[in-house]
Amino acid sequence: AFGTLIRPPHIPRDDLSGESKGYGFVSYDSFEASDMAIECMNGQYLCNRQIEVQYAFKKENNLSEETGRAPGSRPERHGSKAERLLAAARQTGGPVGAVPPPPPPPLPPNSMVPPPPPPPPLAQSHR
């Protein structure tokens with residue numbers, strides 16, 4: 001209802017009991033869809049339990065001991081401004097980090113703006 005899922009939802013389960021670990025992952029095709037799901041579903045009840053919906057933490061790079069974070073700080077979440085800029089650049093086919101073109105200049109004061117075109121004629125129903 002919020003957008004297109006890019007993979008089936010994943011609910012981690014205990015290896016021995018098979019019971020849910022109490023959290024899951026849903027991946028949408030856009031940040032707009034994810035944002036809407038978070039806005040609408042966070043705090044709702046699912047199976048008589050209030051759920052918390054938020055962006056997941058990014059996985060830490062296991063190849064390096066240096067994380068780039070202050071000791072004791074939490075890892076970064078997905079959905080950051082940088083991720084959104086990268087996704088927008090990929091979507092438009094532009095180079096990563098490209099700056100969008102500036103908006104058109106404002107109209108001078110008291111200038112005439114042409115009226116919008118008239119709406120198309122309505123289809124006539126025959127009774």
Side-chain angles (χ1 to χ4, degrees):
F2 304 110
T4 303
L5 294 177
I6 59 174
R7 65 180 61 94
H10 174 66
I11 301 172
R13 299 190 175 277
D14 182 84
D15 292 333
L16 299 175
S17 70
E19 289 189 32
S20 165
K21 292 185 176 182
Y23 60 94
F25 300 93
V26 179
S27 299
Y28 287 100
D29 66 342
S30 69
F31 284 107
E32 293 79 14
S34 300
D35 292 340
M36 183 61 69
I38 290 170
E39 183 180 323
C40 293
M41 295 303 298
N42 189 42
Q44 296 295 316
Y45 284 83
L46 182 64
C47 298
N48 293 324
R49 291 179 61 188
Q50 192 172 24
I51 61 173
E52 186 174 326
V53 183
Q54 58 191 347
Y55 280 102
F57 287 111
K58 293 181 179 183
K59 289 184 180 177
E60 290 192 25
N61 184 354
N62 293 331
L63 301 176
S64 170
E65 291 182 22
E66 180 61 42
T67 62
R69 292 185 290 116
S73 67
R74 297 192 65 139
E76 183 181 3
R77 288 193 183 276
H78 285 284
S80 67
K81 186 175 181 180
E83 270 190 335
R84 291 168 188 263
L85 288 172
L86 290 170
R90 267 187 255 118
Q91 199 171 39
T92 61
V96 173
V99 177
L107 293 171
N110 299 325
S111 64
M112 295 290 292
V113 177
L122 296 174
Q124 303 254 340
S125 64
H126 299 283
R127 294 185 196 193

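Only this structure's heavy atoms are used, side chains among them; waters, hydrogens and symmetry mates stay out. On a predicted model such as this, the values are computed, not experimentally measured, just so you know.
Clustering ILVMFWY residues whenever any of their side-chain heavy atoms sit less than 4.5 angstrom apart, transitively, puts M36 in a cluster other than the one holding I6. The hydrophobic clustering, which links ILVMFWY residues whose side-chain heavy atoms are closer than 4.5 Å, places I11 and Y45 apart.
Annotation for E52: atom CD does not count as buried by contact number, only 12 or fewer foreign heavy atoms lying within 6.0 Å.
Expressed to the nearest 0.5 Å, how far CG of N42 lies from CD of Q50 amounts to 8.0 Å. The distance from the CD atom of E19 to the CZ atom of R13 is 9.0 Å, given to the nearest 0.5 Å.
The shortest side-chain heavy-atom distance between V26 and M41 does not fall under the 4.5 Å cut-off. Contact of the I51 side chain with the Y23 side chain is not registered, since no non-hydrogen atoms from C-beta on lie closer than 4.5 Å. In this structure the side chain of T4 never reaches within 4.5 angstrom of the side chain of Y28, judged on heavy atoms. For the pair E83 and K58, the minimum side-chain heavy-atom distance is below 4.5 Å. At a threshold of 4.5 Å between non-hydrogen side-chain atoms, the residues H78 and S34 do not count as touching.
Closest approach of A33 and G3 over heavy atoms only: CB-CA, 3.8 Å. The nearest pair of heavy atoms linking F31 to A87 is CE1-CB, 3.7 Å. Contact detail for G24 and P12: the closest heavy-atom pair is CA-CD, 4.1 Å.
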